[in-house]
Enquirer: 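Here's a structure for you.
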Number of protein chains: 2
Amino acid sequence: MRRDVFQAIADPTRRDIINLIAYKPLNLNSIADNFEVSRPAISQHIKILMECGLIEMKKQGRERYCEAKLEQLHEVSQWIEQYRKLWADKFDRMDDILEELKNAPPKSSPEGRTQNNANKA
Amino acid sequence: MRRDVFQAIADPTRRDIINLIAYKPLNLNSIADNFEVSRPAISQHIKILMECGLIEMKKQGRERYCEAKLEQLHEVSQWIEQYRKLWADKFDRMDDILEELKNAPPKSSPEGRTQNNANKA
DNA sequence: ATAATAGGTAAGCATTCGCTTACGCAAATT
DNA sequence: AATTTGCGTAAGCGAATGCTTACCTATTAT
């Protein structure tokens, strides 16, 4: 039972769930109302999303509010980011921006980050 | 048989394959040499990566060189990007950059792109 | 021509996935 | 107290996944 963010967002229903609660937490039944599949199916998706940290549950009476905690997307983002220069300028200016980032001093970040240090291309 | 980029990069072996050939194309056996699993297993992974456009094959004699074509990662990147402001500043300055992008006029892009127009948060 | 090499693909198999129905329990309603 | 509502989870099932072995066709080497 692999459980990582890449796996979690591979399922379209789970991405839709994230879409749905990204900006406003919802309880489980409200989420399930937006889908064709059964409530238990949604419940299982939510469980997976929780297990890799993309969702947090706030218990409130008998309801469970699901709140998106998308920090973990960073892992995916980073993996893609390392290749961005191989394709990005076809779509946007992001690679220029990244170049700037590498050359400019950090703005508001203390220690503890070893970000753009190993870039071997 | 769903076949999309999210699904394709969900498998760690496939991500490793991409890693391996991102900067230098390799033929299939050379790729397979880097993994524990059998050559056919790798061949099947390559097939999947090809089917969603992340890899192209250049036939060269009896060898097939696999070349990474990572443009399709854009789809994943975009999906994540829309939520970046919900978490990014915990890790880097990207959200500031995105704000700048929205306010600044485009640098080297003509028409035909409707990028950062709908951002409802 | 024969053998070796590169690699595609089918068949089979164990495991995982996504879903359903069924059931259970706690909180809220009546 | 009894019922309803919200939700977790087990069991079961078909389909998909990832792997293997076996076999096949092309290209290259001898």
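Chain identifiers are assigned alphabetically (A, B, ...) following the order of the sequence lines, protein sequences preceding nucleic acid strands; residue numbering begins at 1 within each chain.
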Enquirer: Tell me which pairs pass salt bridge (charged side-chain N to carboxylate O under 4.0 Å, His left out) where either residue lies in residues 20-31 of chain B, with sequence neighbours left out.
Expert: none

Enquirer: Pairs of donor and acceptor atoms involving the side chains of residues 5-17 of chain A, under 3.5 Å and at least two apart or interchain, shall be tabulated with distances.
Expert:
{"unit_1": "A:Gln7", "atom_1": "OE1", "unit_2": "A:Arg2", "atom_2": "NH2", "d": "2.8"}
{"unit_1": "A:Asp11", "atom_1": "OD2", "unit_2": "A:Thr13", "atom_2": "N", "d": "2.9"}
{"unit_1": "A:Asp11", "atom_1": "OD2", "unit_2": "A:Arg14", "atom_2": "N", "d": "3.1"}
{"unit_1": "A:Arg14", "atom_1": "NE", "unit_2": "A:Ala8", "atom_2": "O", "d": "2.7"}
{"unit_1": "A:Arg14", "atom_1": "NH1", "unit_2": "A:His45", "atom_2": "ND1", "d": "3.0"}
{"unit_1": "A:Arg14", "atom_1": "NH2", "unit_2": "A:Gln7", "atom_2": "O", "d": "3.4"}
{"unit_1": "A:Arg15", "atom_1": "NH1", "unit_2": "A:Ile9", "atom_2": "O", "d": "2.7"}
{"unit_1": "A:Arg15", "atom_1": "NH1", "unit_2": "A:Ala10", "atom_2": "O", "d": "3.2"}

Enquirer: For A:Lys69, check salt bridge (charged side-chain N to carboxylate O under 4.0 Å, His left out) against everything at least two apart and list the hits.
Expert: A:Glu67

Enquirer: To the nearest angstrom, how far is A:Leu49 atom CG from D:dG8 atom P?
Expert: 13 Å

Enquirer: Go through the structure and list residues passing side chain to side chain donor-acceptor pair (under 3.5 Å) with B:Glu51, not counting sequence neighbours.
Expert: B:Arg3

Enquirer: At under 4.0 Å between heavy atoms, which parts of nucleotides 17-30 of chain D does protein reach? Answer with one letter per nucleotide, 5' to 3': B base, S sugar-phosphate only, - none.
Expert: SSBBBB----BB--

Enquirer: Does the side chain of B:Asn19 reach to within under 4.5 Å of the side chain of A:Gln82, using non-hydrogen atoms?
Expert: yes

Enquirer: Would you indicate, yes or no, if D:dC7 has its OP1 or OP2 atom less than 4.0 angstrom from a side-chain nitrogen or oxygen of A:Ser43?
Expert: no

Enquirer: Go through the structure and list residues passing salt bridge (charged side-chain N to carboxylate O under 4.0 Å, His left out) with B:Glu75, not counting sequence neighbours.
Expert: none

Enquirer: Once you round it to whole Å, what is the distance between C1' of D:dT5 and OH of A:Tyr65?
Expert: 13 Å

Enquirer: Side chains of residues 26-42 of chain B: which donor-acceptor partners sit under 3.5 Å, not counting sequence neighbours?
Expert:
{"unit_1": "B:Asn27", "atom_1": "OD1", "unit_2": "B:Ser30", "atom_2": "N", "d": "3.3"}
{"unit_1": "B:Asn27", "atom_1": "OD1", "unit_2": "B:Ser30", "atom_2": "OG", "d": "2.3"}
{"unit_1": "B:Asn27", "atom_1": "ND2", "unit_2": "B:Glu63", "atom_2": "OE1", "d": "2.7"}
{"unit_1": "B:Asn34", "atom_1": "ND2", "unit_2": "B:Ser30", "atom_2": "O", "d": "2.7"}
{"unit_1": "B:Ser38", "atom_1": "OG", "unit_2": "B:Ala41", "atom_2": "N", "d": "3.3"}

Enquirer: Calculate the interatomic distance between B:Arg64 atom CZ and C:dG7 atom C1'; express it in whole Å.
Expert: 6 Å

Enquirer: Just how far, in rounded Å, is C1' of C:dG8 from CG of B:Asn29?
Expert: 12 Å

Enquirer: What is the distance, to the nearest angstrom, from the NZ atom on A:Lys58 to the P atom on D:dC7?
Expert: 16 Å

Enquirer: For D:dG6, does either OP1 or OP2 sit under 4.0 Å from a side-chain N or O belonging to A:Asn27?
Expert: no

Enquirer: Quickly work out the B:Leu26 CG to C:dA6 P distance and round it to whole Å.
Expert: 13 Å

Enquirer: Any residue in residues 15-22 of chain A with a heavy atom nearer than 4.0 angstrom to DNA chain C? Just list them by number, or reply none.
Expert: none

Enquirer: Is A:Met57 touching bases, backbone alone, or none of the nucleic acid, heavy atoms closer than 4.0 Å?
Expert: sugar-phosphate

Enquirer: Please give, in whole Å, the distance from C:dA6 P to B:Ile46 CD1?
Expert: 15 Å

Enquirer: Flag yes if A:Val76 and A:Met50 sit in one hydrophobic cluster, no otherwise; membership is Ile, Leu, Val, Met, Phe, Trp, Tyr, and two members link when side-chain heavy atoms are under 4.5 Å apart.
Expert: yes

Enquirer: About how many Å separate CG of A:Leu70 and CZ of B:Arg84, when rounded to the nearest 0.5 Å?
Expert: 11.5 Å

